[in-house]
Amino acid sequence: MLFNSIDFAIFLPIVFVLYWFATNKNLKLQNFLIVTASYVFYGWWDWRFLSLILFSTIVDYLVGRALASEETQQKRQIYLWTSIVVNLGFLGFFKYYNFFIANFISAFTLFGKEINGSTLNIILPVGISFYTFQTLSYSIDVYKRRLKPTNDFIAFSAFVSFFPQLVAGPIERATHLLPQFYKKRTFDYSKAVNGMRQILWGLFKKVVIADNCAEYANMIFNNSADYSGSTLVLGALFFTFQIYGDFSGYSDIAIGTARLFGFDLMQNFAFPYFSRDFAEFWRRWHISLSTWFRDYLYIPLGGSRVNTARAIRNTFIIFIVSGFWHGANWTFIIWGLLNAIYFIPLLLSGKNRKHLNTVAQGRYLPTFKELISMGFTFALTVFAWIFFRAENASHALNYISEIFSPSLFTVPEFDDMRKAFTTLVLVCIFVLIEWTGRNDQFAIAHSFSKQKIYVRWLFYMIIIFAIFWFQGDKQGFIYFQF
Amino acid sequence: MKIFVRKTILFLLLTVLFIETISAIFILTKVYLIAYPGKEIYHVIKKSKEKNKSKKLLIADSVGREMFSYKENIHGINSLATNQVIGMVGQYLLLNNYLNAGNEIDTLIILFNPTSFKNNLDQNYTYHYFLKPFYKKEYSSLFSKTVQEQIRKIPYRQFIRIPHIQVSSWAPEFESSDIPKYTFLSPISVEYLSKIKALSIKHNFEIIISPTPTNINKKDFIENININELPPTHLEKEFNDYFNNIIYLDSTNFVDGIHLLHPEIYTDKYLSELNK
C-alpha cells in the first residue's frame, strides 16, 4: 500500500479509530492491532512475502529467547550467527543472487573459461533491506547485552512489522523502538498534530517535488544520448531533488504516521542539501542507515580510532557496503566509492566533525564562505547521483562525458519546457521553505506557529491545494526497490 | 483526543470547501487550462465545434500532433490532432462535432502510429484524457455498448465532475485485467472506424489513413499483421495503403521510441506525398 494512495487514505483513519477507541484499554490488543494492520498494509502489495517477515520475526524472537538463557560465549555466537545467516541469507538470495551469478560468469569468461550458470527471475520483496536490518539490530543488541530480550511475541512482531516504517524506514533500533511497544500509549494532542503536519509536508515533498522532478529525470536519463550537456545537468538536478523529495517525503509520512499512534521514530533526514561538507552530509542523509552502519559495522571494525591505513580501509568498507545495500548494481558500488573519496580528505585532515551545528544558525542568510561550501558539496552530491541513477556504469560515464562537452554551454532543451520551468519554480519555493525551517525536525514544524489558528490552517490548506494542483504523474517510491 | 478528532474533521471539511471553491473558480475562469496536462484536448474540442472553411480535416495521435499541431493550419489542413489516449471513440466524437457545426470536408486524414489503434480505453490516462472531457450527457448517446462496458471498468469514474478532480491531473490506478486478443485493432477502434466510414458515406468525404514514421523495432510486429484477418471496418483498402506507406526509422530518430525527434522534417515529406 502506498502512502500517497486512496487505499492508505481509507486504511489510516480506520486503524487510527480502532487503535484509540476500540483497543486503547488493552496494550496487548493494541499491539495485536498494529501487527494485523501492518500485515494488511504489506500484504496489499504481495501477501506471499508476508511469510518472509513472519519467518524472520520467529527466528529472531527465538534467537533472542535462546540468548537470554545462554551464558556460554560459543553458543551465544552460534545463536547470533543463526540470526545473521537467516536474515542476510534471505536478503542475499532475493537481492543479490542474480548479481553474483552474472558477475561470477563474467569473471570466468574474462579468463577464457566458459561456465554454465543461470540467473533466476526473482521478485525483490518490498522493504526487505529495511526490516532485515531492523530485526538484525535486535539480535545484535541482545547478544551484546545492550537490550533485554523480549518474551512478548506480539510486541516483537509489532516492532518488526510496524507499518509506518516497514517498507522504507527509518530503520529503527530495537533499543529505541521495541520498549515503546511495552508501554501503554496515551494520546498526546500536540504530538498528533505535529504528526499530521509532518505527513502533510511529506506528501508535498513526494507528490509535488519528487513526482514532478521524476518526469524530467526519467525522460532525460532514459534518453541521455539525445540531449545536450546543459540538459543533462538539468536532468541530474531533477534527479537530485526527486530522490530527496521521494525518500525524505516517505520518511516524513512514516514518522508523522507513527506519531499519530503515539510512537517516536528517529529523524531520517536533516536538510542534507544544506551541508557544508561531506561528513555533515552523511550525518544528515538517511541517518537511520548511516548510524546503523556506524554502530554495527564501522565501530566494530575500529572506526577512525585506529591507524590511518585502517581508518581509510574502514571508511571505504562502510561506504561501499552502504552503496551495495542500495542495490545489486555496480553503479551503487561506484556511488559508495565516490562518497568515500569525498569523505577521506576530511577524515585525514581531522575536519570530519567540523560542522556539527546547523548552517547559518541564528541568521537568515549564510555567509559567503558557507554558501561556497554548500554549493561545492551540493555539486559533488549531484555528480555522485548520476551513478546512482544511471542504468549501468557505462551509461553514467557517457552521461558525464556528454555533460563535459561544448553542448554544456547551450540552452537546455526538451519537451514541454513550460512545465519543466514550473517544476523548477516549485523546487525553488521548496528549497526556500526548507531553508527557513532547517533548525526543526521538518521544514514546516513551526511555520506560522505563533500566528492565529486561521492563518496556520490557511497555510496548510494552500499546501493541500498545491498537492492537488501541482501533483506529478504518480510514481512508486524509489527506496521500495532497495 | 476528542478535540483532536473534532478539529481534524472541521479542518478537513474546511479544506474540502476551500479546495472545491478555488477549483470551481479555476474552472469557471478557465484558469486551470494554463498549465493543465492534456489541456489541448479541451482546446481541440472547442475548435471542433467552430466553423472552419478547410476542406481537409486531420485527426491524429500524439505523434501526428507533433507533425500537425491543432494550433496551426498547414497547407489548408485543419488539424484536430490530440493523442491516442482518447481512443478512436474520442476521434469520432471530434469528427462528429465538426460535422454537426455545419462544416463540410472532402478529405479526412487519420494520421496514426501503428501502435495507436490498439487503444481500447484501457490505459491509466483514460481517466484524465478521455473520461474528464468526453464522459458527458452531450456525448452519451454516441457511446456504443463496448465503450460503456469499458468505462464501467474504470474506478472512481463518478468522481470526474468534482471540481478539484477536474482541475488536477489525478487519475486512479487502472490496468485492465483482460488479456487482449487483438494486437493491432482494438474492438473500440473497429467499431468507431466503421462509424467514421458511415459518416464519410453520409457526408460524402474521402478517408485517408496514414502512418506516422515508425520505429524499425516495430517492423516485425507490423509485418506479422495479416490484413485479411483484421476485423471488418469497411476501410480495408485504406488500411492496405496504410501498411504500404509505413516509413521505418531507426531509434535515434525518436525521443522515446515513438515520438519524433524532428517532426517538422516529416510534416514536409508527408505534405509532398499527399500532394502527389
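We use all heavy atoms of the structure for the numbers below, so side chains are in, but hydrogens, waters and symmetry mates are not. Throughout, a chain's letter reflects where its sequence line sits, starting with A, and its residues are numbered from 1.
Residue A:V207: no heavy atom, backbone or side chain, is found under 4.5 Å from chain B. Looking at A:I462, the atoms closer than 4.5 Å to chain B (heavy atoms on both sides) sit in the backbone and in the side chain alike. Looking at B:Y156, only its side chain comes within 4.5 Å of chain A, counting heavy atoms on both sides.
Atom OH of B:Y248 sits in a crowded spot, with more than 12 heavy atoms from other residues, nucleotides or ligands closer than 6.0 Å. Other residues, nucleotides and ligands contribute only 12 or fewer heavy atoms inside 6.0 Å of the NZ atom of B:K218. Summarising the local packing, NZ of A:K450 is surrounded by 12 or fewer heavy atoms from other residues, nucleotides or ligands at distances under 6.0 Å. For B:K46, the NZ atom is loosely surrounded, since the number of other residues' heavy atoms within 6.0 Å does not exceed 12. Environment of CD1 in A:I453: crowded, with over 12 heavy atoms of neighbouring residues, nucleotides or ligands closer than 6.0 Å.
Note that NZ of B:K2 and CZ of A:F187 are 12.5 Å apart. Values are rounded to the nearest 0.5 Å. Here CD1 of A:I464 is found 10.5 Å from NE2 of B:H164. Values are rounded to the nearest 0.5 Å.
B:S48 meets the side chain to side chain donor-acceptor pair (under 3.5 Å) test with B:N97; sequence neighbours excluded.
Summarising the geometry of B:S23 relative to A:F465, their closest heavy-atom pair is OG-CE1, 3.8 Å, with the distance given to 0.1 Å. Contact record, B:F4 with A:L260: CZ-CD2, 3.8 Å, taken as the closest heavy-atom pair.
Heavy-atom pairs under 4.5 Å with chain B peak, among A:W457, A:Y189, A:F16, at A:W457. The most heavy-atom pairs under 4.5 Å with chain A, out of B:F26, B:Y125, B:Y32, come from B:F26.
Within residues 10-19 of chain B, the residues having any heavy atom less than 4.5 Å from a heavy atom of chain A are, in residue-number order, B:L10, B:F11, B:L14, B:T15, B:F18, B:I19.
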